[in-house]
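I have placed the structure first, in the form of structure tokens, so that the comments after it can refer back to it.
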Amino acid sequence: MNIPCQMPRLKGFRFAREIIAYAVWAYHRFALSTADVEDLLAERGVIVSREAIRLWVNRFGRHFAVCVRRDRPASRDKWHIDEVVITIRGKKHWLWRAIDADGHVLDILVQPRRNAKAARRFLRGLVARFGMPRVVVTDKLRSDIKPIRTLAAGAEHRAHKGLNNAVEVSHRPTRKREKIFGRFKSPRQAQRFLAAHDQINLIFRPRRHKINAASCRHARADAFALWHDYTAEMTT
């Protein structure tokens, strides 16, 4: 087996925590299915079923996402908010996503509607968690206007489709995973997966176009160090 196992085993789990953490990392870091991760582990001498991997991802993905969110720098006060349609069991749902000026995903929320009530619910959670923004950038969805005026009265609202390209680009990994899943099975599954996926990918996807090769290698080393620390924090 090529995965080093030096940390105490989690109570009630047959496999070492490093193996579980590796499975969660591979699943979220790359566009892989549980079957792909099963093969990766098998090549390293770890025989585990894809169902066990699915349970690991569901159980511990949230742990890593919480750790990333806890340790990341304070968010910028300029927010980009956008919504994209996703199909779940033949019905349209809307994935609301907010990022800051650095491209860090602040929050996501899967909702069945794209109206003022849905916008108010999403924005209320953002303001409660991150405080009052200075600028809020959205597309030209009119349902955003009243909630922003009410919940973020002091913020400048810029409604312009061309200014919101950054958050629209951040939807691409979701579309890629959607194809692998063959569509999400339920709003709960989509919410659970995407809430973890966006945060985990945050530390392993530095902006390569803005840094040189040496900086990229340092960023990757720092990300792996963080992941090792978060693995040590895992609990049942």
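Heavy-atom basis, side chains included; hydrogens, waters and symmetry copies ignored.
- To the nearest 0.5 Å, the span separating CG on Asp198 from CZ on Arg97 amounts to 4.0 Å.
- A side-chain donor-acceptor contact under 3.5 Å links Ser170 to the backbone of Val167.
- No chain of hydrophobic side-chain contacts below 4.5 Å, direct or via other Ile, Leu, Val, Met, Phe, Trp or Tyr residues, connects Val66 to Ile20.
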Working for side chain to side chain contact (heavy atoms under 4.5 Å, CB included), residues Thr174 and Val84: CA-CA 10 Å; Thr174 300; Val84 64; 5.7 Å; no

For a side chain to side chain contact (heavy atoms under 4.5 Å, CB included) check, start with the C-alpha distance between His93 and Phe184, then their side-chain angles and the critical distance, and finish with the verdict. CA-CA 11 Å; His93 287 70; Phe184 294 109; over 6 Å; no

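- Sorted by first then second residue, the salt bridge (Lys or Arg N to Asp or Glu O under 4.0 Å) pairs that include residues 57-72, not counting sequence neighbours, are Arg70-Glu233.
- Remark: Arg188 engages no residue in a side-chain hydrogen bond (donor to acceptor under 3.5 Å, both in side chains) (not counting sequence neighbours).
- Here Ile145 sits alone; no ILVMFWY side chain lies under 4.5 Å from its own, so it joins no hydrophobic cluster.
- Using a 4.5 Å heavy-atom threshold, the side chains of Val48 and Trp56 count as touching.
- Evaluation of the salt bridge (charged side-chain N to carboxylate O under 4.0 Å, His left out) rule for Arg175 yields Glu178 as partners, not counting sequence neighbours.
- Between Leu40 and Ala26, the shortest heavy-atom distance links the atoms CD1-CB, 4.3 Å.
- Within the hydrophobic cluster formed by Ile, Leu, Val, Met, Phe, Trp and Tyr side chains joined at under 4.5 Å, directly or through other members, Leu123 is accompanied by Trp79, Ile81, Val85, Trp94, Trp96, Leu106, Leu109, Phe122, Leu126, Val127, Phe130, Met132, Val136, Leu141, Ile148, Leu151.
- The two residues Ser143 and Ala119 have their closest heavy-atom pair at O-CB, 3.8 Å.
- When the side-chain hydrogen bond (donor to acceptor under 3.5 Å, both in side chains) test is applied to Asp39, no partner is found at least two apart in sequence or on another chain.
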Take Val105 and Gln199 through the test side chain to side chain contact (heavy atoms under 4.5 Å, CB included) and record every step on the way to the result. CA-CA 7 Å; Val105 177; Gln199 298 302 322; 4.2 Å; yes

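- Arg149 and His157 share no side-chain donor-acceptor pair at under 3.5 Å.
- The salt bridge (charged side-chain N to carboxylate O under 4.0 Å, His left out) check on Arg113 picks up nothing, with sequence neighbours excluded.
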Show your working on side chain to side chain contact (heavy atoms under 4.5 Å, CB included) between Val57 and Arg54 and close with a plain yes or no. CA-CA 5 Å; Val57 169; Arg54 185 186 68 83; 5.8 Å; no

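- Formation of a donor-acceptor pair under 3.5 Å by the Glu18 side chain with backbone atoms of Gln6 is found in this model.
- Atom CG of Leu194 sits about 10.5 Å away from atom CG of Asn201, to the nearest 0.5 Å.
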Throw together a table of side-chain donor-acceptor distances under 3.5 angstrom for residues 221-229, partners on residues two or more places apart or in other chains.
from	atom 1	to	atom 2	distance (Å)
Trp227	NE1	Ala21	O	3.4

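- Interatomic distance, Leu10 CG to Ile19 CD1, rounded to the nearest 0.5 Å: 11.0 Å.
- Listed for the Arg89 side chain is no donor-acceptor partner under 3.5 Å among the backbone atoms of Ser186.
- Annotation: salt bridge (Lys or Arg N to Asp or Glu O under 4.0 Å) contacts involving residues 76-88, sequence neighbours excluded, comprise Arg76-Asp102, Asp77-Arg134, Glu83-Arg114.
- Atom CD1 of residue Ile108 and atom NE2 of residue His171 lie 10.5 Å apart, to the nearest 0.5 angstrom.
- Hydrophobic cluster membership differs between Leu95 and Val169, with clusters built from Ile, Leu, Val, Met, Phe, Trp and Tyr side chains linked at under 4.5 angstrom.
- In the hydrophobic clustering of ILVMFWY residues, with side-chain heavy atoms under 4.5 Å counting as a link, Phe30 and Ile53 come out together.
- With sequence neighbours excluded, no residue satisfies side-chain hydrogen bond (donor to acceptor under 3.5 Å, both in side chains) with Arg217.
- Closest approach of Arg14 to Ile47, counting heavy atoms only: NH2-O, 4.3 Å.
- For the residue pair Ile200 and Ala65, the shortest heavy atom distance occurs at CG1-N, 4.4 Å.
- Between the CD atom of Gln189 and the CZ atom of Arg192 there is a distance of 6.5 Å, given to the nearest 0.5 Å.
- For Arg158, the salt bridge (charged side-chain N to carboxylate O under 4.0 Å, His left out) partners at least two apart in sequence or on another chain are Glu156.
- Here the shortest heavy-atom pairing between Thr235 and Phe60 reads O-CE2, 3.6 Å.
- Results of the ring pair (Phe, Tyr, Trp, His ring centres under 6.0 Å) test with His28 over Phe204, Phe193, Phe64 single out Phe193 as the only residue that passes.
- Between the side chain of His160 and the main chain of Val137, no donor-acceptor pair closer than 3.5 Å is present.
- Atoms CG and CD, from Leu32 and Glu38 in turn, are 12.5 Å apart once rounded to the nearest 0.5 Å.
- Residues meeting the salt bridge (charged side-chain N to carboxylate O under 4.0 Å, His left out) test with Asp144, sequence neighbours left out: none.
- Shown here for Ala155 and Pro133, the closest heavy-atom pair between the two residues is CB-O, 3.4 Å.
- Remark: the backbone N or O of Met234 is paired with a side-chain donor or acceptor of Arg17 at under 3.5 angstrom.
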